[in-house]
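Quick caveat, the model's predicted, so the values are computed rather than measured. Note on naming: letters A, B, ... go to the chains in the order of the sequence lines (proteins, then strands), and numbering restarts at 1 for each one.
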Number of protein chains: 2
Amino acid sequence: MVNIKQIAQQAGVSVSTVSRVLNNHPYVRADKRERVQQVIEQNSYTPNSQAINLIRGKTKTVGLILPFSHHPYYHAIIAGVMEEAYQYGYHVLLCQTSYNPDQEREYLHMLSTRQVDGIIACSRVLPWAELQSYSDSGPIVVCEYTEESNLSAVYTDHYGAFCSGIQYLLDHGYTRIGYCIGRKTSASSQERFRAYQNTLHAAGLEVYQEWIFPDCIHMSDGEQIAKRIATMESPPSALIVTGDEAAAGVMLGARQYGLRIPEQLAIIGYDNQPISAGLQLTTIDQNLQEIGRQAFSLFYERSLDATIMPVKRQIPYTLIERHSV
Amino acid sequence: MVNIKQIAQQAGVSVSTVSRVLNNHPYVRADKRERVQQVIEQNSYTPNSQAINLIRGKTKTVGLILPFSHHPYYHAIIAGVMEEAYQYGYHVLLCQTSYNPDQEREYLHMLSTRQVDGIIACSRVLPWAELQSYSDSGPIVVCEYTEESNLSAVYTDHYGAFCSGIQYLLDHGYTRIGYCIGRKTSASSQERFRAYQNTLHAAGLEVYQEWIFPDCIHMSDGEQIAKRIATMESPPSALIVTGDEAAAGVMLGARQYGLRIPEQLAIIGYDNQPISAGLQLTTIDQNLQEIGRQAFSLFYERSLDATIMPVKRQIPYTLIERHSV
DNA sequence: ATGAAAGCGCTAACAG
DNA sequence: CTGTTAGCGCTTTCAT
């Protein structure tokens, strides 16, 4: 690998001059500039960005933390982040944590070690305080609302979204309402439970824990749940499923086990993924791509000016009416 | 940002000793090691990986080149690469090209500039020779078969896969067979045309150019095509659609425009994405995740030992029978 | 306009 | 066992 020194030597100039040519500085005599250019091309020399990064303290890279990557939810966010990052010439470094705190810590560390200029966290298992402690080294944007830290955040109003979904079901005459979520412990799940409880109570309805199905992430999970519902003595007649793929699974399972949709089981999905269009699934679109885009912009703005305050930005959701309710 | 020098100073040792502690070298007196450890923790010091990368000439990062990221095809590959990369402690740098040669070149450049240890190219617009020229700087793996270069490759036998799909349709009595592809110019599209031509000719059938639909990538593209087919005077009665989401679009469009499936229009999708399961779409699974996984391994093996020869690895496909044929 | 030299933060001989 | 020193490849004063 040829370096700047060798180029300088071959061109008969100093490394500074080569550097100037490389960075389009003025104050280089035309003929020297010419000569250097030539030597550079002859050797198809390219500067070592590690070295440049080291000096500039910048990498033009943002780290995207996610638990795993085989779920359309994350892909929608990835696509949004990528789209925006591409505009500004940034790269996206995918950092998979599998919800492992050590792994998550290690990636946050990359901020301290300048491997990335900032972090966008789609998932989080570390305490807020710890997350926040890393933000001295660069902008951190989370995709989750919290009062507990003043990190920048882009998020969905999960409470409101869930309320509106439940209300929609109520308006359509369903009273035996349940829901499926991913991880029970996540912040959004807690919001959703609050929404569930409050909306039901407001309607004079009771909460049945058996109608709350956690660990519903993939299509197969949805199918299993439909199977269980088909055999419950007191089954829900409507379900909000946080994730269209899982919702699709419920739908398929329901068909398989003889449940008519929406007569016997109404379903509202989440995320407006293509599969929901395919199955005519009513769904709540939380605009994941936009969340990704905004997350990048928030990072970017702060990376330009570290003094601006962290921003919390709520992204609107929309209920897309189709035929599963 | 505290650095190794300051740690050394505070601990009253030399930077080498700190370095040794950092890298778990033997030959450090226990008490000094202890002291250094403490100072490190007090300052929550973390080494600057830019600097380490600079010295080691390694980044533990592989660049993944793709044209865009809002398509499930790439997500499946990403997921496969990530899964494997995670095992070996590697990161994945997403590099979006939008099929722009300059952009692609720039990313390849990152190999020369040591920003990544290797490249996995899901898409390619540059000539093979140019791609290959970068491979001096590190392993390049492409997800496409070619004789024109001796880069490592992980690929599907597109010819065979298409033949078997067409044969399947023939076996089911369809003779008016067409197909939908993405970019007409891609290598795989050419393979597919060959397969189409040969299989049809072998069956004594003719090739109709009007039954070949290019630029069919997203769901909406599929819907449009179904619309066109519904109004064609001499429409195909069976279609292979390279991509389940697009195939789903065809299916939906067909329903919308009154075409019964599979009686009036048989459909074979591609990739065995969840949506195909959801719609009971017969599909050809080219095992994209496995392609991603293998691509990473190929990169990894060569990164350990640059002398081993490039490998071409074919990933088997499977026709998944469901109800759209 | 140009070059010498001092780093960026770290590792790795080398010499004790 | 430990410190000194010379880089890794580049940018950026500071002289000239």
Side-chain angles (χ1 to χ4, degrees), chain A residues 1-37 39-40 43-61 109-117 136-138, chain B residues 1-37 39-40 43-61 109-117 136-138:
Chain A
M1 186 89 291
V2 44
N3 62 22
I4 199 174
K5 212 166 174 178
Q6 302 170 31
I7 298 294
Q9 220 159 38
Q10 273 191 50
V13 298
S14 72
V15 289
S16 334
T17 302
V18 177
S19 173
R20 289 193 186 96
V21 171
L22 248 22
N23 296 283
N24 287 313
H25 279 284
Y27 301 143
V28 181
R29 224 170 52 209
D31 61 320
K32 289 209 176 187
R33 160 163 279 134
E34 192 73 14
R35 190 138 39 96
V36 171
Q37 290 286 22
V39 178
I40 286 178
N43 293 274
S44 48
Y45 160 76
T46 64
N48 177 327
S49 10
Q50 297 296 344
I52 300 177
N53 289 344
L54 178 57
I55 289 171
R56 296 219 208 288
K58 283 246 179 192
T59 60
K60 282 255 178 187
T61 300
H109 239 76
M110 299 194 327
L111 197 52
S112 325
T113 64
R114 314 280 163 106
Q115 286 197 86
V116 296
D117 293 348
D136 300 335
S137 314
Chain B
M1 186 86 294
V2 43
N3 63 22
I4 198 174
K5 215 167 174 176
Q6 302 169 32
I7 298 293
Q9 221 158 36
Q10 273 191 50
V13 298
S14 74
V15 290
S16 336
T17 302
V18 177
S19 175
R20 288 192 187 98
V21 172
L22 248 24
N23 295 284
N24 288 314
H25 278 284
Y27 301 146
V28 181
R29 223 169 54 209
D31 61 320
K32 289 210 176 187
R33 162 164 276 135
E34 192 73 10
R35 190 139 39 96
V36 171
Q37 289 287 20
V39 178
I40 286 179
N43 293 273
S44 46
Y45 160 77
T46 63
N48 178 328
S49 11
Q50 298 296 342
I52 299 177
N53 289 343
L54 178 57
I55 289 173
R56 296 218 208 287
K58 283 246 177 192
T59 61
K60 282 256 178 187
T61 299
H109 240 75
M110 298 196 326
L111 196 52
S112 325
T113 65
R114 313 280 162 105
Q115 287 196 87
V116 296
D117 293 349
D136 300 335
S137 314

So [X], base contact, sugar-phosphate only, or nothing? Heavy-atom distance under 4.0 Å.
{"X": "B:I52", "result": "sugar-phosphate"}
{"X": "B:T17", "result": "sugar-phosphate"}
{"X": "B:V13", "result": "sugar-phosphate"}

task: Check for a donor-acceptor pair, side chain of A:R114 on one end and backbone N or O of A:G57 on the other, with a separation under 3.5 Å.
output: no
- prompt: Nearest-Å distance, CD1 (B:I55) to P (D:dT5)?
  reply: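 Value for this atom pair: 18 Å.
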query: Can you tell me how far C1' of C:dC14 sits from OH of B:Y27, to the nearest Å?
result: 15 Å
Would one find a side-chain N or O of [X] under 4.0 angstrom from OP1 or OP2 of [N]?
{"X": "B:K5", "N": "D:dT4", "answer": "no"}
{"X": "A:R20", "N": "C:dG3", "answer": "no"}
{"X": "B:S16", "N": "D:dG3", "answer": "no"}
{"X": "A:N23", "N": "D:dT11", "answer": "yes"}

message: By nearest atom, which of the nucleotides D:dG3, C:dG9, D:dG9 is closest to the B:S14 side chain?
response: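 Shortest atom-to-atom distance from the side chain points to D:dG3.
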task: Hey, which sits more toward the 5' end of DNA chain D by its nearest nucleotide, A:I4 or B:V28?
output: B:V28
query: What heavy-atom pair brings A:V13 and A:K32 nearest, and what distance separates the two atoms?
result: CG1-CD, 3.9 Å
